[in-house]
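This report concerns only the one structure given below.
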Amino acid sequence: MAPKCDIPDALITALRDARLVCILTGAGVSAESGVPTFRDAQEGLWAQYEPQDLATPEAFLADPALIWRWYRWRRQLVAGAEPNAGHLAIAELAKIVPQLTLITQNVDSLHQRAGSTGVIEFHGNLFDDRCFAEGTLTSGDDSLDVPTCPDCGGNLRPGVVWFGEAIPAAALDESCAAASDCDVFLSVGTSSLVYPAAGLADLARDNGATVVEINPLPTTHAADFDFTIAGNSGVVLPELIDSLAL
Ligand code: APR
């Protein structure tokens with residue numbers, strides 16, 4: 001059967017020779033599961049809502065009930081979604097290469113549900129809650145109204161990283177270490193616009209890794225990658241696994 005997309009031989013060779021593969025994923029990887037991306041022109045969340053009105057600590061302080069309801073809607077949407085062939089291929093790749101580090105900007109747990117382990121959640125997780133005042137993590141509460149912290153009685157907020165907030169220190173350290181040490185870095189389904197995640201490919205390149213972009217629409221950084229494969233991750237990644245098996 002003819003390949004659905006062209007995987008360069010040199011990339012397959014680089015993956016076969018790799019000691020450590022590092023993958024950064026973004027919302028595009030979950031698009032084929034029906035989870036909206038953020039910046040897709042029509043359907044993207046930020047095409048419909050202003051990020052600063054919904055994804056900042058200031059917005060939560062201004063109207064916690066509105067923010068809570070919006071994130072509850074996203075939880076229900078994601079809970080109804082299934083991992084797609086792209087998520088499954090990444091879990092499969094981890095069994096093929098000697099070592100794989102998966103860093104995701106996604107907060108949807110779909111990588112974990114596809115069987116990936118040790119996933120670095122760079123922007124937190126939608127199904128966790130945090131005390132807004134103390135930052136302590138609690139398991140997700142599904143109530144309609146904003147739940148309160150069992151310790152201080154203050155509001156709980158979704159366990160995701162909002163604009164203007166720092167990346168969890170351990171996630172940042174582990175991600176920078178893996179990007180600096182890897183032989184091949186795959187940037188999959190991300191617009192590469194949000195830092196510091198978008199800087200990880202630069203770190204990998206500066207440390208000698210082969211850097212690859214997989215995205216149906218080449219990003220503004222496309223020219224900085226050794227390989228750019230224009231396609232949906234649910235098509236390209238299974239094809240990459242098949243090519244590795246040949
Ligand atoms: N397969 C691969 N890539 C895809 C697919 C697909 N099926 N469909 C869309 N894409 C690509 C788009 O072309 C786009 O470049 O996925 C990218 C999604 O980009 P964004 O919506 O900007 O999402 P992301 O890069 O993950 O955003 C980064 O911004 O809003 C914040 O915290 C949020 O983690 C998020 C961060």
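First listed ligand is number 1; within each ligand, the first listed atom is number 1.
The protein heavy atom nearest to atom 36 (C) of ligand 1 is Val194 CG2, 3.8 Å. In terms of protein heavy-atom proximity, atom 23 (O) of ligand 1 is nearest to Ala27 CB, 3.6 Å. At the top of the distance list for atom 6 (C) of ligand 1, counting protein heavy atoms only, stands Gly28 O, 3.2 Å. From the protein, the heavy atom lying nearest to atom 30 (O) of ligand 1 is Trp46 NE1, 2.8 Å.
Checked against a 3.5 angstrom limit, the closest N/O atoms of Phe38 and ligand 1 fall inside it. Considering backbone and side-chain N/O atoms, Asn106 never comes within less than 3.5 Å of an N/O atom of ligand 1. Residue Asn215 has at least one N or O atom closer than 3.5 Å to an N or O atom of ligand 1.
Using a 4.0 Å cut-off between heavy atoms, Thr190 contacts ligand 1 through both its backbone and its side chain. Heavy atoms from both the backbone and the side chain of Ser233 come within less than 4.0 Å of ligand 1. At a heavy-atom cutoff of 4.0 Å, ligand 1 is contacted by the side chain of His123 but not by its backbone. With a 4.0 Å heavy-atom cut-off, ligand 1 is reached by the side chain of Glu32 but not by its N, CA, C or O.
Contact annotation: Pro216 has at least one heavy atom less than 4.0 Å from an atom of ligand 1.
Ser116 and His87 share no donor-acceptor pair across their side chains, judged by distance under 3.5 Å alone. Between the side chains of Glu174 and Thr101, no donor-acceptor pair is found at a separation under 3.5 Å. Thr219 and Ser191 form no side-chain donor-acceptor contact under 3.5 Å, judged by distance and modelled atom types alone. In summary, the side chains of Ser109 and Asn125 do present a donor paired with an acceptor at a separation below 3.5 Å, with no hydrogens or angles considered. Side-chain contact check for Asn84 and Ser33: at least one donor-acceptor pair (N or O, by modelled atom type) lies under 3.5 Å. A side-chain N or O of Glu121 and one of Gln112 form a donor-acceptor pair less than 3.5 Å apart.
Counting the atoms of ligand 1 from 1 in the order shown, those under 4.0 Å from a heavy atom of Ala31 are 8 (N). Proximity to Gly26 (heavy-atom distance under 4.0 Å) selects the following atoms of ligand 1: 26 (O). Of all atoms in ligand 1, listed by their number and element, those nearer than 4.0 Å to a heavy atom of Phe163 are 30 (O), 31 (C). Of all the atoms in ligand 1, the ones that sit under 4.0 Å from a non-hydrogen atom of Thr37 are 21 (O).
In this comparison of Arg39, Glu213, Gln105, the heavy atom closest to atom 20 (P) of ligand 1 sits on Arg39. Proximity annotation for atom 18 (C) of ligand 1: of Gly189, Gly234, Gly231, Gly189 comes nearest, heavy atoms only.
Checked against a 6.0 Å centroid threshold, the rings of Phe60 and Trp68 do not count as neighbours.
In terms of hydrophobic clustering, with Ile, Leu, Val, Met, Phe, Trp and Tyr side chains grouped at heavy-atom distances under 4.5 Å, Val21 and Leu11 are assigned to a common cluster.
Listed by first and then second residue, the salt bridge (charged side-chain N to carboxylate O under 4.0 Å, His left out) pairs that reach into residues 176-187 are Arg19-Asp181, Arg19-Asp183, sequence neighbours excluded. Among pairs with a residue in residues 73-96, those fulfilling salt bridge (charged side-chain N to carboxylate O under 4.0 Å, His left out) read Arg75-Asp129, Glu82-Arg113, Glu92-Lys95, at least two apart in sequence or across chains.
The pair Glu134-Arg157 does not meet the salt-bridge criterion, since no charged nitrogen lies less than 4.0 angstrom from a carboxylate oxygen.
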